[in-house]
Structures are given as structure tokens and as C-alpha cells.
Amino acid sequence: MRTTLCDTLGIEHPIVGFTPSEHVAAAISRAGGLGVLGCVRFNDADDLDAVLDWMDHNTDDKPYGVDVVMPAKIPTEGAAVDLRQLIPPEHQEFVRRTLTKLGVPELPTDEQHADGVLGWLHSVARSHVDVALRHPVRLIANALGSPPTDVIEQAHHHDVLVAALAGKAEHARRHVDNGVDIVVAQGHEAGGHTGEIATMVLVPEIVDAVGDRVPVLAAGGIGSGRQIAAALALGASGAWMGSYWLTTSEYQQMPGNSATQRALLAAGSSDTVRSRIYTGKPARLLKTRWTDSWEEPDAPEPLPMPLQNILVSEAHQRIMRSGDPGVVSMPVGQIVGRMNEIRPVAEVLTDLLAELDETITTLDKLR
């Protein structure tokens, strides 16, 4: 199955896979899709540089991309220690009290406390772009819309395409007017930062708005060949998939994977919640006792980005170390109900393509 997206990106199959794991991203690219590495977890640009060096040598010379986070409104800059001073004491006390109630152990005295994800900061995201452009990346995607125009121009100067996520048709028009090359129409069902409009409604709206100017990818609620076929029927040039790769065997190389994958395997499609507790912006997460605690009457309102993530950074570190699936803090979409076994990326992709082909053949017989 080839679409114009395949020619645009130099890939075999119209599937783009977003993941925080370089092992998953490389495997997606090797299997003929486009693996896109999420960069937000890298506080130090040198660490990202080293991981992209690894990607360069482990994708069999197949194209890959990166995903950065540049908020439309530039957040307050500063070191983590400076930003932490802006966090109200009552928020810090709530987190401490909640972790105790949930039975999450303290960190060992010799383990360094996390600073929080500084990739939400504009300056850090720019450093990610600078590093990425020193590598043979094919695509830079921005999770929070179109990057500043100078970043788009910088990417184009290096013959790198730019993608932007959109939750409304008006956002998509603005992205394309700013110079974005690919729009990702991400529906309400998706994991992580997501809007209010469902994929089935959103994709044709965005295709009608900008599909004659740029390729549109469908995102949110895609975890089968049938759903990829539906995306193509809605006018998309391909699928952007993120959550579905979290239960691949390659993802097991990420820290804290065991409890996370056990929680995901046990979850159904109704076991997610959209909340601001992860980053300060609305994001769909796995519903656990941790997310439930933020719905209690004594819970404070989440802080704006990037303060909320800094507030919960040590909590996330403790939760990950605890190995308790019941308190996992993990962005994931409603497609989690189909994520029922651990399989290699290549096998997942093969099955997606086989079902896609079968679905299109079945539909063709209806004529």
C-alpha cells in the first residue's frame, strides 16, 4: 500500500510511528514506516545527540524523524531549580501526601532526584532542533502546533520537512500558512496532548481545509489495519500512531517498562482520562489510582506548563521505581483496549499492513 506520503517521506508504508524509545523508532523505520523519536525527555541536548548517533547506525539507512515540543506561548524560562520556586507549597504538600497514601516508596538516598522534563521550555526545544539538524533526519514534528517560522525555515534550509499536530481545521490552516509541510489531524481519542474533536469528525474537516496543499495524517484511535483503511477513506495520506507501540518488545528497553506495560495490557478502551496533571496542558493518560487522586475534593488545580511537570517529576520517578501498575503515570490513547500482548515492532507492522490490504479488498468487493 503506497500513498503520496510514501514518496514524500521516502518510506515503503504510509505509517508514521511516534515513540519516546529510540529502539522502537529505529525498528519502525527498518520495517518500512517512519519512526519518529520524541525528544521532550532529553533535558540535555548532548544526550539527544548521542541517541541520534545510535539511530543513524541502527535504521539500515532508512529515514526517521524527531518530535519536539514548542508551545505556542513561550513559557517562563529558567533552570529547574528556579522554576521550582514558583510552585506553591500546597501543591508540593498534596503530592507528598498522595504518594504516601498510595504507598509509593521514597527514593533511595543515593539516587538523584529528577529535575522534571525541561523539553517543554522553548530554549530546550530549540536545542533539540539544532541537534536534530546535524543528523540525517527526514522530518521534524511539533507536538503543540506549528513551530516558529524561523525554525521552519531552518529545517527547510536543511531539506527537512516539518509536521505539526492539529486538533481543529483552523489550526491546520494556520500551520500550512506558516509553512508546515504535513499536518497531523489528532483526534480526541489520542494519547497525550489532544483536543475535543473525535478523529472520525476531525480528519475529513482538516483534509477539506488543507488536503489540497499538504498531506494529512490521521491520528487518534488507530491500532488496526481496518482503522488505517478508515483513515485513508476519510482522505488522510497515512496514519500517525503513538500509543500502539508502547506494548512492543522493543519498548521493554525503556526504564520502568515492566509496570507500565502490565498496566497497559490490563486496560480497556474506557480506562483513560484527559487531564492537565501530566504537563499542565490537557493530555490523555492511563486511568490509575494516581490520576484518581487528582480528582479528589482536596486536590489542587494543576499548574501551567512547565511547572506541573516539574511538580510531579519526582513523583513520576518514584512511581516508575515502585513497579506498581496501579499507580502508573503514562500518556496513552483509547486504543489501549486493543493493546493486549507484547510483540516485536516488525510483527505489529506486518499485521497492520495485512489487515489493511484485506480490508481494502473486502471493500472493493462491495461495488
Once you round to the nearest 0.5 Å, how far does [atom1] of [X] lie from [atom2] of [Y]?
| X | Y | atom1 | atom2 | result |
| --- | --- | --- | --- | --- |
| I310 | R84 | CD1 | CZ | 6.5 Å |
| R276 | K281 | CZ | NZ | 9.5 Å |
| Y244 | T19 | OH | OG1 | 14.5 Å |
| S29 | M55 | OG | CE | 5.5 Å |
| D159 | R138 | CG | CZ | 7.5 Å |

*asked:* Just to verify, which of T248, D351, T247 counts as forming a side-chain hydrogen bond (donor to acceptor under 3.5 Å, both in side chains) with R343?
replied: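 Option passing the side-chain hydrogen bond (donor to acceptor under 3.5 Å, both in side chains) with R343: D351.
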*Between F18 and W240, how do the two ring planes meet: parallel, tilted or perpendicular, split at 30° and 60°?*
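F18 vs W240 ring planes: parallel.
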*Are any of the side-chain heavy atoms of M1 and I360 separated by less than 4.5 Å?*
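Heavy-atom side-chain distance check passes, below 4.5 Å.
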*Side-chain contact test, heavy atoms from C-beta onward, threshold under 4.5 Å: evaluate it for S293 versus K101 and give yes or no.*
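With C-beta onward as the side chain, the pair touches.
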*In terms of hydrophobic clusters joined by side-chain contacts under 4.5 Å, are V180 and V68 together?*
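Not linked; separate clusters.
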Between [X] and [Y], is there a donor-acceptor pair closer than 3.5 Å when you use the side chain of the first and the backbone of the second?
| X | Y | value |
| --- | --- | --- |
| E250 | P344 | no |
| T288 | V328 | yes |
| R30 | N58 | yes |
| H91 | P300 | no |

*Determine, using ring centers only, whether Y64 and H135 are less than 6.0 Å apart.*
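No: the rings miss the under 6.0 Å criterion.
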*Taking all atoms of both residues into account, what is the closest heavy-atom pair of I222 and A231, and its distance?*
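Closest heavy-atom pair between I222 and A231: CD1-CB, 4.4 Å.
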